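Have a look at the structure below, then the notes.
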Amino acid sequence: MITWNNLDTLDSYQELAKSDRVNLAEVMAGDNGAARVKKYSVPMAEGMVYNYAAKQIDDKVLDVLAKLAKEAQLTEKFEALYNGEVINTGEKRMVLHHMTRGQLGEAVVADGGDKRSFYVGEQKKIAEFANKVHSGAIANAAGEKFTTVVQIGIGGSDLGPRAMYLALENWAKVNNTFKMEAKFISNVDPDDAAGVLNTIDVAHSLFVLVSKSGTTLETLTNESFVKDALKNAGLDPAKHMVAVTSETSPVAKSDDYLAAFFMDDYIGGRFSSTSAVGGAVLSLAFGPEVFAQFLSGAAEEDKLAKNKDIFTNPALLDALIGVYERNVLGYPNTAVLPYSQALSRFPAHLQQLDMESNGKSVNRFGDPVNYPTGPVIFGEPGTNGQHSFYQLLHQGTDIVPLQFVGFKNSQMGRDVLIQDSTSQQKLCANVVAQIVAFACGKADEDRNKNFEGGRPSSIIIGEQLTPQALGALLAHFENKVMFQGFVWNINSFDQEGVQLGKVLAKRVLAHETDGALKVYSDLLNI
């Protein structure tokens with residue numbers, strides 16, 4: 001029987017809190033460090049590995065983390081989730097994003113049908129539509145092919161799909177699977193939509209409206225902006241737009257769209273990249289086969305998340321070490337640092353994934369928790385970040401745990417040899433150097449040049465950023481966030497924190513304001 005208990009009531013957490021602290025600079029020095037790098041590594045899907053040698057842990061800490069995983073029933077809770085139990089207690093919903101890429105357990109029946117069949121069915125509809133667009137069977141009014149796809153959405157309807165598109169854009173070009181350029185409109189700021197529209201030929205553009213409810217204010221505003229541009233160009237908007245929405249939304253059966261693809265209430269926006277939300281734009285941009293490869297990588301990583309042994313479950317181990325850093329070592333932030341330009345927007349996606357999921361101060365039952373929960377997530381790709389905020393990471397007063405991501409090979413295979421090394425080798429050399437520099441530091445009598453070290457990091461290493469590898473990477477972090485929510489006994493699958501601002505914004509637009517709300521409104525000429 002599964003029980004849901006606060007972290008600070010668990011015996012293993014009390015033991016963890018009393019564990020001896022590891023001197024990271026000491027254990028990572030010399031031969032000891034070499035042995036740790038070889039020892040503390042866990043295989044991931046698609047040939048990747050999660051290496052945690054430079055984390056502030058040792059075998060004793062790991063033993064207690066294994067006890068914590070067992071006492072908190074983390075894999076049992078994951079099993080309950082993928083078998084269709086109501087895990088989203090705030091909204092009284094199942095959580096089924098894993099099912100968009102595979103069947104991990106029992107069949108789940110809801111809304112009058114098998115949910116896995118529903119998701120596969122939508123994927124097939126999207127694939128058929130995308131193939132017709134690519135062949136020219138679905139074309140513009142002049143019979144010409146669409147060359148650009150523009151996604152209109154915000155939050156999870158933008159951040160994840162945009163990050164995934166950018167991650168695969170160059171790969172698709174060199175592997176001859178690039179079909180259509182993708183653009184994204186998300187911000188209600190009119191300069192966002194206008195800026196995108198100024199860079200495209202609207203006559204050859206297909207627009208994908210993404211809104212589960214069909215009522216999202218920002219998204220519908222931007223849709224109107226786009227429709228206005230199409231009409232001004234003498235075009236029929238209905239011939240240039242498709243919808244990704246729920247079957248019960250106002251736009252589901254509308255004649256204003258060429259086609260509608262469906263999602264449901266069991267997949268939160270930040271977990272929706274492997275649903276129709278990501279499927280439509282990625283299939284149109286790269287072809288359905290590439291999207292299928294992306295799903296395959298995610299499915300393989302999900303299978304590892306079922307393992308009860310934390311040393312064969314990289315997402316679970318990563319989650320537990322993160323809890324140790326947050327709740328015992330007291331580190332409030334985590335930096336995600338991909339050494340891959342293709343992952344330039346991946347940290348932004350993880351900001352939403354992690355902070356919207358685990359930014360909670362009450363448990364699953366609405367009672368306040370007496371311990372920290374989700375960390376602040378930020379990051380930029382290396383080596384750009386090294387010339388930006390690494391100064392604080394190396395010598396600032398706060399210790400910030402780091403999560404590096406690196407690949408042995410570039411996506412495009414184009415490089416140059418300068419000073420006896422290629423650009424890719426220089427990139428990889430930098431990430432290796434940073435891991436050791438953060439961990440070990442460097443003593444110097446000049447305090448301004450002294451590096452204390454003791455700054456923990458992990459790294460995910462892959463051969464190349466392919467669709468399969470990207471899917472596995474995404475699933476790893478989704479599952480990490482899920483496991484941490486289970487440990488903290490919070491509901492990671494609702495987001496009430498985004499609602500209050502929406503309510504007040506509607507009051508402002510209706511001029512139903514008083515107090516500070518009215519004064520601020522007047523200052524901005526609303």
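Because only heavy atoms are used, hydrogens play no part in the values below, and waters and symmetry mates are left out as well, while side chains stay in. Just so we're clear, the structure is a prediction, and the values are computed from it rather than from any experiment.
- For the residue pair Gln386/Tyr339, the side-chain donor-acceptor check at 3.5 Å is satisfied.
- In this structure, the separation between CD1 on Ile87 and NZ on Lys77 is 9.0 Å, given to the nearest 0.5 Å.
- Paired with Tyr165 under the rule ring-ring contact (aromatic ring centres under 6.0 Å, His included), one option of Phe286, Phe346, Phe291 passes, and it is Phe286.
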Exercise. Can Val405 and Ile459 be said to form a side chain to side chain contact (heavy atoms under 4.5 Å, CB included), step by step?
Worked result: CA-CA 5 Å; Val405 180; Ile459 183 168; 6.0 Å; no

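- Judged by distance alone, with hydrogens and angles left aside, the side-chain atoms of His134 form a donor-acceptor pair with the main-chain N or O of Ala130 at under 3.5 Å.
- The only member of Ser357, Ser157, Ser492 that meets side-chain hydrogen bond (donor to acceptor under 3.5 Å, both in side chains) when paired with Arg270 is Ser357.
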Exercise. Between Asp265 and Glu91, is a side chain to side chain contact (heavy atoms under 4.5 Å, CB included) present by the stated rule, with each step listed?
Worked result: CA-CA 9 Å; Asp265 288 334; Glu91 297 171 319; over 6 Å; no

Exercise. What's the verdict on side chain to side chain contact (heavy atoms under 4.5 Å, CB included) for Val416 and Thr422, showing C-alpha distance, side-chain angles and the deciding distance?
Worked result: CA-CA 5 Å; Val416 62; Thr422 66; over 6 Å; no

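- Side-chain contact between Met44 and Ile460: present, with at least one pair of heavy atoms (C-beta onward) separated by less than 4.5 Å.
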For this session: Show your working on ring-ring contact (aromatic ring centres under 6.0 Å, His included) between Phe78 and Phe486 and close with a plain yes or no.
Result: CA-CA 9 Å; Phe78 180 36; Phe486 289 161; 7.7 Å; no

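- Residue pairs meeting the salt bridge (Lys or Arg N to Asp or Glu O under 4.0 Å) criterion with at least one member in residues 496-512, sequence neighbours excluded, are Arg507-Asp514.
- Atoms OG and CD1, on Ser275 and Ile126 in that order, are 8.0 Å from each other to the nearest 0.5 Å.
- Side-chain atoms of Asp318 and Gln403 include a donor-acceptor pair closer than 3.5 Å.
- Remark: the backbone N or O of Gly385 is not paired with any side-chain donor or acceptor of Ser388 at under 3.5 angstrom.
- Residue Lys145 holds its NZ atom at 12.0 Å from CG of Asn140, rounded to the nearest 0.5 Å.
- In this structure Thr75 satisfies the side-chain hydrogen bond (donor to acceptor under 3.5 Å, both in side chains) test together with Lys308, sequence neighbours excluded.
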Side chains of residues 175-188: which donor-acceptor pairs under 3.5 Å do they make with residues two or more places apart or in other chains?
from, atom 1, to, atom 2, distance (Å)
Asn175, ND2, Trp171, O, 2.8
Asn187, OD1, Asp189, N, 3.0

For this session: Report the C-alpha separation of Lys132 and Glu128 in whole Å, then their side-chain angles, then the decisive distance to 0.1 Å, and conclude whether the salt bridge (charged side-chain N to carboxylate O under 4.0 Å, His left out) test is met.
Result: CA-CA 6 Å; Lys132 288 180 180 179; Glu128 291 170 1; 5.9 Å; no

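- Looking at Arg93 and Asp494, no side-chain N of the basic residue comes within less than 4.0 Å of a carboxylate O on the acidic one, giving no salt bridge.
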Anything under 3.5 Å between a donor and an acceptor, one on a side chain of residues 202-210, the other on a protein residue two or more places apart or in another chain? List them.
from, atom 1, to, atom 2, distance (Å)
His204, ND1, Asp201, OD2, 2.5
His204, NE2, Glu144, OE1, 2.7
Ser205, OG, Asp201, O, 2.8

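- Looking at Thr466, its side chain does come within 3.5 Å of a backbone N or O of Ala469 through a donor-acceptor pair.
- For residues 344-354, every residue pair satisfying the side-chain hydrogen bond (donor to acceptor under 3.5 Å, both in side chains) rule, not counting sequence neighbours, is listed here: Gln352-Glu356.
- Residues Ser246 and Lys212 have side chains that never bring a donor and an acceptor to within less than 3.5 angstrom of each other.
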Donor-acceptor contacts under 3.5 Å from residues 297-306 side chains, at least two apart:
from, atom 1, to, atom 2, distance (Å)
Glu300, OE2, Lys303, NZ, 3.0
Glu301, OE1, Ala45, N, 2.8
Asp302, OD1, Arg101, NH2, 3.3
Asp302, OD1, Asn479, ND2, 3.1
Asp302, OD2, Arg101, NE, 2.7
Asp302, OD2, Arg101, NH2, 3.4
Lys306, NZ, Leu104, O, 2.8

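- Using a 4.5 Å heavy-atom threshold, the side chains of Lys360 and Trp488 count as separate.
- No donor-acceptor pair closer than 3.5 Å links the side chain of Asn307 to the backbone N or O of Asp309.
- Judged as a side chain to side chain contact (heavy atoms under 4.5 Å, CB included), and not counting sequence neighbours, Ala139 has no contacts.
- At most 12 non-hydrogen atoms from other residues, nucleotides or ligands lie less than 6.0 angstrom from NZ of Lys239.
- With hydrogens and angles ignored, the 3.5 Å screen pairs no side-chain donor or acceptor of Asn409 with any backbone N or O of Gln464.
- A donor-acceptor contact shorter than 3.5 Å is absent between the side chain of Thr245 and the backbone of Ala252.
- Within the model, atoms OG1 of Thr100 and CE of Met263 stand 12.5 Å from one another, a figure rounded to the nearest 0.5 Å.
- Listed for the Ser117 side chain is no donor-acceptor partner under 3.5 Å among the backbone atoms of Gly113.
- You'll find the side chain of Leu81 reaches within 4.5 Å of the side chain of His98, heavy atoms only.
- Contacts classified as salt bridge (Lys or Arg N to Asp or Glu O under 4.0 Å) and involving residues 154-168 (residues at least two apart or in different chains) are given here: Asp158-Arg162.
- Taking the side chain as every heavy atom from C-beta outward, Val432 and Ile435 never approach each other to under 4.5 Å.
- Here the CZ atom belonging to Phe378 is positioned 7.5 Å from the CG atom belonging to Leu337, to the nearest 0.5 angstrom.
- Partners of Asn51 by side-chain hydrogen bond (donor to acceptor under 3.5 Å, both in side chains), not counting sequence neighbours: none found.
- Atoms CD1 and CE, from Ile267 and Met94 in turn, are 10.5 Å apart once rounded to the nearest 0.5 Å.
- Each ring pair (Phe, Tyr, Trp, His ring centres under 6.0 Å) pair with one or both residues in residues 248-280, not counting sequence neighbours, appears once here: His97-Phe271, Phe129-Phe261, Phe271-Phe493.
- For Asp264, the side-chain hydrogen bond (donor to acceptor under 3.5 Å, both in side chains) criterion is met by Lys115, Tyr119, not counting sequence neighbours.
- Residues passing the side-chain hydrogen bond (donor to acceptor under 3.5 Å, both in side chains) test with Ser211 are Thr216, sequence neighbours excluded.
- Checking side-chain atoms of Thr221 against main-chain N and O of Leu217 turns up a donor-acceptor pair under 3.5 Å.
- The main-chain N or O of Ala319 is found under 3.5 Å from a side-chain atom of Gln484 such that the two form a donor-acceptor pair.
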For this session: Give the intermediate values and the outcome of side-chain hydrogen bond (donor to acceptor under 3.5 Å, both in side chains) for residues Asp415 and Ser423.
Result: CA-CA 6 Å; Asp415 210 335; Ser423 298; 3.1 Å; yes

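- In terms of modelled atom types and a separation under 3.5 Å, the side chain of Asp228 and the main chain of Ser224 share no donor-acceptor contact.
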